[in-house]
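Worksheet: one structure, shown below.
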Amino acid sequence: MDGMIDKVAVLGLGTMGGAMAERLHAAGLEVWLWNRTASRAEPFRARGFHVADSAADAVAAVDTVVTMLFDADAVRSVMTQALPAHGDGLIWMQSSTVGTVAAREFATMAEQAGVGFVDAPMLGTK
């Protein structure tokens, strides 16, 4: 990696995750998407987004991953499966609203996996 973020995965395509993916794509980044309900990601495919079959596939293809999932349990479940697939230098930006206890847990998960971690929770909607 040359120090620049080129490829980003967004895991979770609700109101906020979908909007984040749109902004990243508009900025010229290669965006990979995954959602627990796969049909939610399909409309993005025709517009130049990559749609992964699994969270692990999405994480394996990028240098940065953004989690924008429902709650701490969803983040834990998804990232437990996805983190082992990461490449060198992955950065995980955790944007789900999970609270401080879960954020510390996820920071530890990232550290143990050799992944950079940024806790950047979103509050509210739209």
Report summary line: Applying side-chain contact (heavy atoms from CB on, under 4.5 Å) to Ala19 and not counting sequence neighbours gives Arg23
Query raised in the report: side-chain contact (heavy atoms from CB on, under 4.5 Å) between Met109 and Leu83: does it pass, once the steps are laid out?
Result: CA-CA 9 Å; Met109 282 175 64; Leu83 276 176; 4.0 Å; yes
Query raised in the report: Can you find a pair of side-chain heavy atoms, one from Ile5 and one from Asp63, that are under 4.5 Å apart?
Result: yes
Query - Val51 vs Trp34, side-chain contact (heavy atoms from CB on, under 4.5 Å): CA-CA, chis, key distance, verdict - result: CA-CA 6 Å; Val51 177; Trp34 175 84; over 6 Å; no
Query raised in the report: Yes or no on side-chain contact (heavy atoms from CB on, under 4.5 Å) for Leu90 and Val62, after CA distance, side-chain angles and deciding distance?
Result: CA-CA 7 Å; Leu90 183 72; Val62 301; 4.2 Å; yes
Requested in this report: Using side-chain contact (heavy atoms from CB on, under 4.5 Å) as the criterion, list what pairs up with Ser39, not counting sequence neighbours.
Outcome: Thr37
Query raised in the report: When rounded to the nearest 0.5 angstrom, what is the spacing between CG in Leu29 and CG in Leu24?
Result: 5.5 Å
Query raised in the report: What distance separates Leu69 CG from Arg76 CZ, expressed to the nearest 0.5 Å?
Result: 12.0 Å
Query raised in the report: Are Phe117 and Val115 joined in one hydrophobic group, where the rule is that I, L, V, M, F, W and Y side chains link up if heavy atoms are under 4.5 Å apart?
Result: yes
Report task. Give the minimum heavy-atom separation between Pro43 and Arg40, together with the two atoms involved. Result -> CD-O, 3.5 Å
Requested in this report: Look at the side-chain heavy atoms of Ile, Leu, Val, Met, Phe, Trp and Tyr, link any pair under 4.5 Å apart, and say whether Val98 and Met16 land in one connected group.
Outcome: no
Report task. Decide yes or no for Val65 and Val8: does some side-chain heavy atom of the first lie under 4.5 Å from some side-chain heavy atom of the second? Result -> no
Report task. Could you tell me whether the side chain of Ser95 reaches within less than 4.5 Å of the side chain of Met20, counting heavy atoms only? Result -> yes
Query raised in the report: Is any side-chain heavy atom of Val59 less than 4.5 Å from a side-chain heavy atom of Leu11?
Result: yes
Query raised in the report: With side chains defined as the heavy atoms from C-beta onward, is the minimum distance between Met93 and Thr67 less than 4.5 Å?
Result: no
Requested in this report: Answer yes or no: is there a donor N or O on one side and an acceptor on the other, between the side chain of Asp71 and the main chain of Ala74, under 3.5 Å?
Outcome: yes
Query raised in the report: Does atom CD of Glu42 have more than 12 heavy-atom neighbours, drawn from other residues, nucleotides or ligands, at distances under 6.0 Å?
Result: yes
**Report entry** Val118 vs Gln94 side-chain heavy atoms within contact, under 4.5 Å
**Finding:** no
Query raised in the report: What closest approach, in Å, do Ala21 and Leu33 show between heavy atoms, and which atom pair accounts for it?
Result: CB-CD2, 3.6 Å
Query raised in the report: Going from CD on Glu30 to NE2 on His50, what distance comes out if it is rounded to the nearest 0.5 angstrom?
Result: 3.5 Å
Query raised in the report: Would Arg36 and Phe70 count as a side-chain contact (heavy atoms from CB on, under 4.5 Å) if you check the C-alpha gap in whole Å, the side-chain angles of each, and the deciding distance to 0.1 Å?
Result: CA-CA 11 Å; Arg36 287 180 289 181; Phe70 183 71; 3.7 Å; yes
Requested in this report: Measure across Ser96 and Pro121 and return the closest heavy-atom pair with its distance rounded to 0.1 Å.
Outcome: O-CB, 3.8 Å
Requested in this report: Please examine the side chains of Phe106 and Met79, heavy atoms only from C-beta on, and report whether any two atoms are closer than 4.5 Å.
Outcome: no
Report task. Report the distance from atom CD of Glu22 to atom CG of Leu13, rounding to the nearest 0.5 Å. Result -> 9.5 Å
Query raised in the report: In a check of ring pair (Phe, Tyr, Trp, His ring centres under 6.0 Å) between His25 and each of Phe44, Trp32, Phe49, which one passes?
Result: Phe49
